[in-house]
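Notes follow once the structure below has been shown.
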Amino acid sequence: MNSVMPLAFLRDEPTRAGTHPVCLVIPPSAFLLDERVFMSLGILKVAACLERAGHRVEVLDLSGIENFLEVAELHVRTTHARCVCLTSTTPQLPAAIDIARRIRQVRPDVRLILGGPHVTLVHSATKFEQKRGTVGRACAALAILKNSFDVLVSGDGEKAIFLGLREDAPQLIDADDPRGGLFMTNQAYEESPFPARHFADIDSYHYTIEGRRATSLIAQLGCPFGCGFCGGRQSKSLRMIRTRSWQSVVAELDMLHETYGYTGYMFYDDELNVSPNLVALMNGIADLQHRKGVDFRLRGFIKAELFTSDQAKAMYAAGFRWLLCGFEAASPRILDNINKRATLEDNTRVLEIARRWNLKVKALMSIGHPGETEQSVAAIHDWLLSVHPDDFDCTIITTYPGTPYYDEALPHPSDPDVWTYTCKRTGDRLHAYDIDFTKVAEYYKGKPGGGYKAYVFTDYLSSERIVVLRDWVESEVRSRLRIPFNSSAAAVRYEHSMGQGMALPGFILRSSASVLGC
Ligand code: B12
């Protein structure tokens, strides 16, 4: 195996499917309140491409599995797979690295491939570091990944997986570069298969929208904006908009309804209304329901300054009753520091338009931006009370690799454990403790009654104070607006008992072969 960046892997035809299955692994996310809410669509898309090319595929879904290391060990001891491919976000990395280590111990012959957001973002951060001439922590983070895995895939996995399976695969496959031949074009996106949801144990995933059994899908990829806290602002696969036709999205909804009976759908596009074809898509979804005589309920994200009354009307007609919007802040200066583009007036207007069309709004707010002060947090509290959203949450920023807050930060002059991001326009600063992402997995949601930890602070607020203020906004606004904490999300953890030689329960391992684990 060599370790150079690949020359463009231009051949479109995949590797010849061999007799050995390919094993795909979804690491657990123990920091989530409930790990079986939404399936990991990215790796299921990779699974679908492998299956289409004739490969036998096994998917080991370790979401919510307490003793995941034993389960992974048991499986690799019995499987004939020679390649084990993991996906990972940054907070899943500690578990992904532990799984890789355990597999190495019992099957040193297996090739370990890592793809997903963490590699993509760390790789984009290293490119940015190199461009800036400051080789440092992102390069170190990439080196750790190179030590733990045989092949790293940055960016789109649909074609790159076939290069990763080849004997002569490079150690780093760059599928995040539109010039490289592995990056998906709109046409490739249109032609690619839907995520292979049949590999997930559908019934163990549970989500409802307005009482309807619901699942998630993505209509288009990418967000072109530059918010400082958001991962992928230097990564083409996360930033460039890739679209497929509205007919393709409607076909996926039709399939999901026919095959699994869902009538609720959560759209996980970064912002649905970035697409100029939103209204056409909504009309297509409304027509589908009319033709089938069904009634869907939908939920998805919008970008505030692009939201119009026409969009709201079409969204309501298609079945939307809820919109989510990342307003983040209520202080104009903080909105500017985030590089949000939306103004406070744009944000307020979203609630006015939504209300006119009977759409409920979940306001997504965050604390811990450059220049954050007591007053800017109080502004969030006051604005929420004045616009009265139907739901909200307020999170604390973590500066993950691949976000401008991480990529553009410089070492703090006097504290070696701290990196500082300075907003170019206002000079406001955000300081972040350097986190060992191979060991620390962040909480996604603060557990009601505590559980949050902040790794950021500003010149005006300590990290401890940020936690106190965040809890204050949550509890004050919830009690004033009578919005209960989401207490339904009691963590569901699965325990897998380790009988020797026992096949894994079907909800952990799904295989395209007829015998599990063969
Ligand atoms: C849906 C979603 C969620 C859902 C469901 C997550 C899930 N189970 O999939 C929920 C709400 C639970 C969630 C939670 C969180 N999320 Co989230 N989420 C998303 C979102 C909007 C879409 C993910 C998706 O399905 N994309 C589409 C698929 C096709 O892309 P993909 O997953 O990246 O997969 C492709 C490639 O990465 C690659 N690939 C993936 N796996 C593999 C494996 C192999 C072997 C190969 C070869 C290739 C490969 O091929 C795939 C097809 O091209 C993304 C943003 C985005 N636009 O992608 C953020 C995103 C993934 N989330 C993010 C974050 C920060 C979080 C949270 C930490 C939130 C928080 N603040 O605490 C938590 C962590 C959850 C976790 N398990 O780690 C960041 C990840 C940053 C990072 N450094 O990892 C993203 C990128 C948003 C952002 N721009 O900052 N999230």
Side-chain angles (χ1 to χ4, degrees), residues 22-50 61 63 83-93 95-96 112-122 124-125 141 149 151-165 169 173 175-176 182-184 188-189 192 194-195 200 205 207 216-223 225 227 229-233 235 237-239 242 266-271 300-301 324 326 364 366 393 395-403 406 437 441-446 452:
V22 179
C23 178
L24 305 182
V25 180
I26 302 169
S29 307
F31 46 88
L32 293 179
L33 287 178
D34 184 341
E35 300 181 50
R36 296 235 174 192
V37 178
F38 298 114
M39 293 164 225
S40 296
L41 296 180
I43 195 160
L44 294 179
K45 199 129 190 294
V46 173
C49 294
L50 286 165
D61 184 357
S63 312
C83 284
V84 176
C85 313
L86 292 91
T87 186
S88 186
T89 58
T90 300
Q92 283 173 305
L93 189 67
L112 290 169
I113 303 178
L114 181 72
H118 182 72
V119 190
T120 306
L121 292 165
V122 166
S124 79
F149 299 90
V151 177
L152 304 176
V153 174
S154 164
D156 298 337
E158 284 83 350
K159 289 184 182 179
I161 187 65
F162 298 104
L163 177 54
L165 294 179
I173 297 175
D176 194 33
L182 300 174
F183 190 83
M184 266 202 304
Y189 185 36
S192 66
F194 302 143
Y205 282 85
Y207 185 66
S216 59
L217 78 159
I218 296 201
Q220 81 192 351
L221 300 169
C223 170
F225 300 104
C227 296
F229 60 84
C230 183
R233 300 313 86 210
S235 152
S237 59
L238 282 155
R239 189 155 186 175
R242 268 88 53 80
M266 171 83 197
F267 280 86
Y268 259 117
D269 302 34
D270 291 297
E271 300 105 358
F301 297 80
L324 296 92
L364 308 175
S366 51
D393 75 20
T395 52
I396 296 176
I397 292 305
T398 305
T399 59
Y400 291 115
T403 64
Y406 176 102
F437 290 111
E442 275 306 65
Y443 283 101
Y444 167 51
K445 299 274 184 206
Y452 241 117

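All values below come from the heavy atoms of this structure, side chains included, with hydrogens, waters and symmetry mates left out. Just so you know, ligand 1 is whichever comes first in the structure, and atom 1 is the first atom listed for that ligand.
For a threshold of 3.5 Å applied to N or O pairs, the pair formed by H118 and ligand 1 contains no separation below that value. Of the polar atoms of E158, at least one N or O is found under 3.5 Å from an N or O of ligand 1, judged by distance alone. Between Y268 and ligand 1, not a single N/O pair is under 3.5 Å apart. In terms of polar-atom proximity, R233 is not counted as a contact of ligand 1, lacking any N or O under 3.5 Å from an N or O of the ligand.
Near V153, meaning under 4.0 Å from any of its heavy atoms, are these atoms of ligand 1: 47 (C). The P91 neighbourhood of ligand 1 comprises atoms 68 (C), 74 (C), 78 (O), with distances under 4.0 Å to a heavy atom of that residue. Per-residue contacts place C85 under 4.0 angstrom from the following atoms of ligand 1 (heavy atoms of the residue considered): 45 (C). Residue F31 approaches ligand 1 through these ligand atoms, each under 4.0 Å from one of its heavy atoms: 74 (C), 75 (C), 76 (C), 77 (N), 78 (O). Interface atoms of ligand 1 facing S29, defined by a heavy-atom separation under 4.0 Å, are 76 (C), 77 (N). Here is the list of ligand 1 atoms found below 4.0 Å of a heavy atom in D270: 55 (C), 57 (N). Taking every heavy atom of I218 and a limit of under 4.0 angstrom, the matching atoms of ligand 1 come to 22 (C), 24 (C), 25 (O), 26 (N), 27 (C). The ligand atoms of ligand 1 that sit less than 4.0 angstrom from a heavy atom of L86 are 43 (C), 44 (C), 45 (C).
For atom 44 (C) of ligand 1, the nearest non-hydrogen atom from the set G232, C230, A175, G115 belongs to G115.
Taken from CG in L182 to OG in S154, the straight-line distance is 10.5 Å, to the nearest 0.5 Å. Rounding to the nearest 0.5 angstrom, the gap separating the NZ atom in K45 from the CZ atom in F194 is 9.5 Å. Summarising the geometry, atom CZ belonging to F149 is positioned 6.5 Å from atom CG belonging to L112; distances are rounded to the nearest 0.5 Å.
Between S29 and E35, the shortest heavy-atom contact is N-OE1, 2.6 Å.
Using 4.0 Å as the threshold, S40 has a heavy atom nearer than that to some atom of ligand 1. Not close to ligand 1: P195, with no non-hydrogen atom less than 4.0 angstrom away.
Under 4.0 angstrom from ligand 1, there are no non-hydrogen atoms of M184.
Paired with I113 under the rule side chain to side chain contact (heavy atoms under 4.5 Å, CB included), one option of V84, L152, L165 passes, and it is L165.
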